[in-house]
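This report refers to the structure that appears directly beneath it.
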Amino acid sequence: MPELPEVETVVRELQSIEGKVLDSLVSYWDRTIEEPVKGFLKALKGREVSRVFRRGKYICLEIDSGDFVTIHLRMTGKLVFEPTERDMNYARVEFIFKDKSKLYFIDIRKFGRIKRWPAKEPFLPTLGPEPLMEDDVYEALKSCRSVRDIKKVLLDQSVLTGVGNIYADESLFLSRIHPLTSLQKVSTVKLKKLSSVIPQVMHAAINNMGTTLSDYRNTKNVGGENQNYLRVYGQTGLPCSVCKTSIEKIVVGQRGTHFCPKCQRQSK
DNA sequence: AACAGCACCTGTAGGC
DNA sequence: TGCCTACAGGTGCTGT
């Protein structure tokens, strides 16, 4: 599922578990938790979740021991308080708090990961800056020496963290940049445009509670609304909202990539 | 060192 | 209807 806006939506709701104390947990698919379940539980049992926040696409729990726990939803993960019957077929981890409330990690494709970061170790050390402010985005892209296609650079979480396939395509469309343009060939004017567009796209999607294409749901099992505002993602063959040219789909770095061949001319 | 390619999983949509 | 293939919003490992 989820890119930054979807994770942000989940995190805002999940802040309701701040102050709760973890009592036990059930693992239905051991590879979801990236360490032996026994040790994971031992480190967290009786501990309070002091803070819930987001970093890139990671849901982060600060534990009163000083450890952190991250939850990454990857493609199909979701966290729900009241799973449906169907959800339970895909339950991977069940957190049980001291007040008897439960939080379920549901994940059809089993790609999602839950990881504990001991207090003394570096926390999420490889992530780039958040793409929420124009200056940060511009600085990150300007200082990146990569010659890769701009689309690939936007998906590189060490350059910017939180942009995924949908919002990369949407941002490139709004900036009128062809996805196969090498980062080094993007003009300063276009790079500035892109740097202002990405935060706008992110904030708009957050306001729409994220994009729901199939699996993404918030903690109340409700989808977002941002899919109604996509300009190119998933619009293959439909007329461009600006010029009516048919939206095309190509593959860039093994990811489906949508763009308007007229608005986003490839300048070599 | 940077980068490409594939592995990880299951469900669903579309073609025949 | 049923079988088969291709594809899906992400990341991390491996090899070049």
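Below, read A as the first sequence line, B as the second, and so on, with proteins coming before strands; counting in each chain starts at 1.
A close approach under 4.0 Å does not occur between any side-chain nitrogen or oxygen of A/Arg113 and OP1 or OP2 of C/dT11. The phosphate of C/dG10 has neither OP1 nor OP2 within less than 4.0 Å of any side-chain N or O from A/His72. Contact between the side-chain N/O atoms of A/Lys110 and the OP1/OP2 oxygens of B/dT10 is found at a separation under 4.0 Å. Under 4.0 angstrom from either OP1 or OP2 of B/dG11 there lies at least one side-chain N or O belonging to A/Tyr90. Taking side-chain N and O atoms only, A/Lys249 has a distance below 4.0 Å to OP1 or OP2 of C/dA8. Using a 4.0 Å cut-off, some side-chain N or O of A/Arg148 falls inside it from OP1 or OP2 of B/dC3. Residue A/Lys152 has a polar side-chain atom (N or O) positioned under 4.0 Å from OP1 or OP2 of B/dA4.
Each of A/Thr219, A/Asp107, A/Asp215, A/Asn221 was scored for a side-chain hydrogen bond (donor to acceptor under 3.5 Å, both in side chains) with A/Lys78, with one residue passing: A/Asn221. For the side chain to side chain contact (heavy atoms under 4.5 Å, CB included) test with A/Cys260, the passing option among A/Cys240, A/Ser246, A/Pro239 is A/Cys240; the others fail. Between A/Asp67 and the choices A/Lys42, A/Lys115, A/Arg116, A/Arg47, the salt bridge (charged side-chain N to carboxylate O under 4.0 Å, His left out) rule is met once, by A/Arg116.
Backbone-only contact: A/Ser146 has heavy atoms under 4.0 Å from sugar-phosphate atoms and none from a base. No engagement by A/Arg145 is indicated, since no non-hydrogen atom pair under 4.0 Å with the nucleic acid exists. Within 4.0 Å (heavy atoms only), A/Leu213 reaches at least one base atom of the nucleic acid. The residue A/Tyr167 sits apart from the nucleic acid: no heavy atom pair falls under 4.0 Å.
C/dC7 sits 16 Å from B/dC6 when the C1' atoms are compared, rounded to a whole Å. B/dC9 and C/dC13 are spaced 14 Å apart, taking the P atom of each and rounding to whole Å.
The listed nucleotides are B/dG11, C/dA8, B/dC9; the one nearest the side chain of A/Tyr233 is C/dA8.
Residues A/Trp117 and A/Leu124 form a side-chain contact, since some pair of their non-hydrogen atoms from C-beta on lies under 4.5 Å apart.
Both geometric conditions, a ring-centre gap below 5.5 Å and a plane tilt below 30°, are fulfilled for A/Phe111 over the base of B/dC8.
Comment: A/Arg54 engages A/Glu130 in a salt bridge, judged by a side-chain N to carboxylate O separation of less than 4.0 angstrom. Electrostatic pairing of A/Arg231 and A/Glu170 does not count as a salt bridge here, judged by no charged N lying under 4.0 Å from a carboxylate O.
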**OP:** Let me have DNA chain C in dot-bracket notation, would you? Count Watson-Crick plus G-U wobble pairs, both distances under 3.5 Å, and use [ ] for pairs crossing earlier ones and | for inter-strand partners.
**Re:** .|||||||.|||||||
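Rounding to whole angstrom units, CG of residue A/Asp107 and C1' of B/dC9 are separated by 9 Å.
Closest-nucleotide positions on DNA chain B for A/Arg109 and A/Gln254 were compared, and the one nearer the 5' end corresponds to A/Gln254.
Side chain of A/Glu18 to backbone of A/Val52: a donor-acceptor contact under 3.5 angstrom is found.
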